[in-house]
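All remarks here apply to the structure that follows.
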Amino acid sequence: MTTRDRQPPSRDYQLMVSALADVTRRRDAELDEAEQAYQDSAARAAGELAHAENDALSADRWAGAAAAQVLDVDREAARLWAQLRRARGLRVRALGEMPDPAPIETLPRVALQRRPSSALPSDLDGVVTGNGRQSPRALLARAADRIEDRLRPTSRRPLPRWSLPLLPMIGAIASSLAGLVAAGLVTFGQTAVFGGLLIRGLGWLAFIIAPSAGVPAAAYLAHQRLHARLDIGGIGLTLLGGMIAATLLSLSFAAH
């Protein structure tokens, strides 16, 4: 007979009850851990789902704003192209129809931002985009200004006041140069050279137009440098300086 056989039945029952209680406690602990893990996973999934929904809404708003900008840019480009075809000095047949947009395969991959949620609709109208390039609106605005300047050159602003005293000086300098050239042609034509009469005639013609020689120079400087127009008053000041210089030059030649 073994030791186990000598133990009373009540002892075996107590051992089995204790073992069953231990198993029950372990089962309850594992169930609690599994329930807690499930709750944590569900909370994380709900948070990620909400974040994904917010990103999707932001992406939809960004895509809608980008699509609206594309439509606006296309309409503005078509308007500017039609306006450009009406510009003076351009041949419509040589210009042709408006070219198609560049295919998507040729566009840079970094043209769109990686995080649409960070791009608000107002950012699409900025002068410089996130990758350092100028926005289409800024480029079209610059092209519109140049076309407008080509179509309506008379809409330039008048000359600033500080430039008015320079106009007689420009007229005087240009008239003096033209007068010196005219005097040189007349003097050279008086020598015994072939075509002397024609050379003298060109010299006298240059001397006649010498007072107005500064008007083209003044108009060029006003248009290119000052982005203004040379009005009647500016032309008069330029002619005044040219006539004074031509008169003084004539008197000096007559004295000699």
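Values below: all heavy atoms of this structure, side chains included; hydrogens, waters and symmetry mates excluded. Numbers here simply count residues along the sequence, with the first being 1. Since we're looking at a predicted model, the values are computed, not measured.
- No single ILVMFWY cluster, assembled from side-chain heavy atoms under 4.5 Å apart, contains both Tyr220 and Val215.
- No donor-acceptor distance shorter than 3.5 angstrom exists from the side chain of Thr187 to the backbone of Gly184, with no hydrogens or angles considered.
- Rounded to the nearest 0.5 Å, atoms CG (Asp60) and CG (Asp55) are 11.0 Å apart.
- Rounded to the nearest 0.5 Å, atoms CD (Gln69) and CG (Asp74) are 10.0 Å apart.
- The side-chain contact (heavy atoms from CB on, under 4.5 Å) search around Arg44 returns Asp40, Ser41, not counting sequence neighbours.
- Between Leu205 and Leu185 there is no side-chain heavy-atom pair separated by less than 4.5 Å.
- Residue Leu237 is grouped with residue Trp162 when hydrophobic side chains (ILVMFWY) are merged at heavy-atom distances under 4.5 angstrom, including chains of intermediate members.
- Side chains of Leu167 and Leu159 form a contact here, defined as non-hydrogen atoms less than 4.5 Å apart.
- The cluster map of Ile, Leu, Val, Met, Phe, Trp and Tyr, joined by side-chain heavy atoms under 4.5 Å apart, puts Leu164 and Ile235 in the same cluster.
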Please evaluate residues Ser252 and Leu249 with respect to the criterion side chain to side chain contact (heavy atoms under 4.5 Å, CB included), reporting the C-alpha separation (whole Å), side-chain torsions for both, the decisive distance (0.1 Å), and the verdict.
CA-CA 5 Å; Ser252 64; Leu249 194 62; 4.0 Å; yes

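- Both Met169 and Leu239 belong to a single network of hydrophobic side chains, linked directly or stepwise wherever heavy atoms of I, L, V, M, F, W or Y lie under 4.5 Å apart.
- Inter-residue side-chain proximity for Leu226 and Ser163 is flagged as met; some heavy-atom pair is nearer than 4.5 Å.
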With a cut-off of 3.5 Å and sequence neighbours excluded, list every side-chain donor-acceptor pair involving residues 26-34.
none

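- When all heavy atoms are compared, the tightest approach of Pro165 to Pro168 is O-CD, 3.4 Å.
- Scanning all heavy atoms of the two residues, the minimum distance from Ala219 to Leu230 falls at N-CD2, 3.7 Å.
- Within a 6.0 Å radius of CG in Leu49, more than 12 heavy atoms belonging to other residues, nucleotides or ligands are found.
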May I have the list of side-chain donor-acceptor pairs in residues 173-182 shorter than 3.5 Å, sequence neighbours left out?
| unit_1 | atom_1 | unit_2 | atom_2 | d |
| --- | --- | --- | --- | --- |
| Ser175 | OG | Ala210 | O | 3.3 |
| Ser175 | OG | Gly242 | O | 2.9 |
| Ser176 | OG | Ala172 | O | 2.8 |

